[in-house]
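Here's the structure we're looking at; comments come further down.
So you know, we letter chains A, B, ... as the sequences are listed, proteins then strands, and number each from 1.
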There are 2 protein chains.
Amino acid sequence: MAGCSITTVSHYFSGKRPVSPTMGQQIQRAADLIGYRPDPIAQAFATGRTAVLGVQFPFQGDSLVSNPYFPAMLESVSVAAAGINCSILTIPRSFESYDIDRKALLERLDGVLLIDPWEDDPQLEKIVDYGIPIVAVGRLLRRSDVPWVDNDNESGIRQVFDHLIEQGYRRPALMTARVNYAYTYDIEATYRREIQRRGLQARIIRTSDYSERASEDDARRLLDTPDRPDAVIASTDSQAVSVLRVALELGIRVPDELAIIGEGDTVLARTAIVPISSVRINIEGLVRSAVEMMSTLLNALDADYPRLLPVTLIERASSTRHSGD
Amino acid sequence: MAGCSITTVSHYFSGKRPVSPTMGQQIQRAADLIGYRPDPIAQAFATGRTAVLGVQFPFQGDSLVSNPYFPAMLESVSVAAAGINCSILTIPRSFESYDIDRKALLERLDGVLLIDPWEDDPQLEKIVDYGIPIVAVGRLLRRSDVPWVDNDNESGIRQVFDHLIEQGYRRPALMTARVNYAYTYDIEATYRREIQRRGLQARIIRTSDYSERASEDDARRLLDTPDRPDAVIASTDSQAVSVLRVALELGIRVPDELAIIGEGDTVLARTAIVPISSVRINIEGLVRSAVEMMSTLLNALDADYPRLLPVTLIERASSTRHSGD
DNA sequence: CTGAAAGCGCTAACAT
DNA sequence: ATGTTAGCGCTTTCAG
């Protein structure tokens, strides 16, 4: 020990008590010298925590299974959790399929992160009611008592409208899916608002799920008519790709006769045959924000939610008519 | 305490010392009564472990990003880890992109699980050389010192051949990708062996990556000729779907004129327009087996690897000519 | 086969 | 602003 008591060191690292600058210097120097770092396990042990965060990923239907931003989500969660000295455990979509009981799992968790929670997920209720700290990444409509962070989807849609109008498109349709995410409600509401505000005509199509087949079928229905829209705002990049595929198949020129916009700015949008404009979200920031919120909750403080993160429309060929301008 | 010392309780639960049956009964009864369970954190603390397993998922290229069995993998890992009182932390594909250093992360891990390791992953070397217990899910060619478990891919390909031949197909081609997985080597080698053994002619096509576009381009090249194969064994379901798409586009009847086989038996195979026969793997068993192996490693015992898990060809319409038989 | 006791590295009153 | 001290719940020698 270089200069002071262990208590001061503890408080220096936790910041739970003021430490004089002089002392701080000494501690820091000594720590660097011997490569000291507080042991997370010992901390967890002493405070009675488990230092494990439960994470529920949106595996609800097989349809979402190949969600391309899923890996980024997982990585971000891991890194952010490590940042507050926690590790993670995925909460299975159904406890029955594995031979474990919910209680036993939840017992060893300090808190739970809900990624893109489904509104009518029956499991959700049970987790929330277990009385464990929870933060949702993606708004939760039903349970207003659950703190959440989300993308500023409203702003995203507004950017899309500004861009489309500027490019001369006047009949944008919206393609969403019949799933119970707050997200779909949000973009529908914003779409309607923008349509009305600009005196345009609304055209909304909801695919039965997020499968390629459903999207392509509905895209065909939407585009294979004389009064087809001149732009499609898809709720995911994968839907946007389906729309693009159908458009090309029908001989509709993109972007001349049809603009296509995706959401998420995933690899799908970037690598499509006609690169697709897409709303970029900040996954890392979103997750970091959620974990931060969880951290304050864990310290029995009140979290200030909701928190909205900015998104940016990335303009690509699929919606840019006069690329030369 | 119901009847004995805390020491005996400890040994009863850990099984590290024989406990008389009588005593065992008493302990069990008392534990059930008060709902006692050993505290994993305290255990970790006392033994100097972190109770955290690092997991590296195959995010190497964007191309694998929408791997459909990925969520199942994650769930299985979480559940299996919980089974040995561990939680997990995902090792980012690049430490640079996040502001953390490798040492700091690896330091808080008891061991690392490598999921489908890439042979020429530069990061792999560093993790292995760090000297932490490692188990690979999916064979590692380069580092024979790393314990691994894998699917019995050889058996899978053999089942495919048996089935195809039985259905009257005689010119099966193999479609893999130019990626550095032991998996691709294994199936190529087995394919060649089976071809030779049966006196057939080999036809192997390697897509540049696992993107849809690459697969469709190569599928077109493979099928749009007079001397096209009468069966395609794809290395993934996603490739199989691409082959199917191209075949239908070219007016080739599946399965009459062309059989298509996938690998992994994912949702993609089941929901394709023509349901695709696919080799089912046992993800949960694979992961459980790996974690088990890790557990013995953690206890400083020698693991008996390799371990191969059985796979089963699921026959569907895409390769079944006489469905009525 | 069972007990006693030390101690893992930290936190959190309580005291100064 | 800093120090003292008592544990957190387990594992693990060492001793019966």
Side-chain angles (χ1 to χ4, degrees), chain A residues 1-52 82-87 104 107-111 295-301, chain B residues 1-52 82-87 104 107-110 295-296 298-301:
Chain A
M1 230 165 305
C4 69
S5 83
I6 184 174
T7 309
T8 312
V9 178
S10 169
H11 289 304
Y12 171 71
F13 281 103
S14 71
K16 290 202 178 179
R17 216 164 73 170
V19 172
S20 79
T22 334
M23 205 72 259
Q25 302 268 323
Q26 290 183 9
I27 296 178
Q28 191 55 264
R29 202 145 18 85
D32 289 347
L33 198 64
I34 63 171
Y36 168 86
R37 262 186 307 209
D39 178 347
I41 302 299
Q43 283 177 305
F45 176 59
T47 55
R49 300 235 187 99
T50 64
V52 180
I84 61 166
N85 277 332
C86 285
S87 55
E107 227 167 40
R108 46 194 346 288
L109 265 29
D110 278 347
S295 180
T296 74
L297 248 43
L298 257 28
N299 293 322
L301 305 173
Chain B
M1 226 167 307
C4 69
S5 82
I6 183 174
T7 309
T8 310
V9 178
S10 169
H11 289 304
Y12 171 71
F13 280 104
S14 72
K16 291 202 176 179
R17 213 164 75 170
V19 172
S20 78
T22 334
M23 205 72 259
Q25 302 269 324
Q26 290 183 8
I27 296 178
Q28 190 57 263
R29 202 146 16 88
D32 289 347
L33 199 64
I34 62 170
Y36 169 87
R37 263 186 307 209
D39 178 348
I41 302 298
Q43 281 177 305
F45 176 59
T47 56
R49 299 231 189 105
T50 65
V52 180
I84 62 166
N85 276 334
C86 284
S87 54
E107 227 167 40
R108 47 194 344 288
L109 302 178
D110 278 347
S295 180
T296 74
L298 256 27
N299 293 321
L301 305 173

> Through what angle, rounded to 10 degrees, does the axis of the helix from C:dC1-D:dG16 to C:dT16-D:dA1 turn between its ends, using five pairs per end?
Replying inline: 30°
>> Without decimals, in angstroms, what is the distance between B:I27 CD1 and D:dC10 P?
In response: 13 Å
> Rounded to the nearest 0.5 Å, how far apart are CG of B:D110 and OG1 of B:T47?
Replying inline: 7.5 Å
> Which parts of nucleotides 8-16 of chain C does protein reach within less than 4.0 Å, heavy atoms only, written one letter per nucleotide 5' to 3' as B for base, S for sugar-phosphate only and - for none?
Replying inline: BBBBB-B--
> Between B:T50 and B:A44, which heavy-atom pair has the shortest distance, and what is it?
Replying inline: C-CB, 4.5 Å
>> Quick check: closest heavy atoms across B:R108 and B:V52, and the distance to 0.1 Å?
In response: O-CB, 3.6 Å
> How close do A:I27 and A:F13 get, heavy atom to heavy atom, and via which atoms?
Replying inline: CG2-CE1, 4.2 Å
>> Do A:Q26 and A:M23 make a side-chain contact, defined as non-hydrogen atoms from C-beta onward lying under 4.5 Å apart?
In response: yes
>> Determine whether a donor-acceptor pair (N or O, by modelled atom type, separation under 3.5 Å) exists between the side chain of B:R49 and the backbone of B:L298.
In response: yes
> If you take all heavy atoms of A:Y12 and A:G24, which pair is closest and at what distance?
Replying inline: CE1-CA, 3.6 Å
>> By the side chain to side chain donor-acceptor pair (under 3.5 Å) test, which pairs, at least two apart or in different chains, include something from residues 30-39 of chain B?
In response: A:E107-B:R37
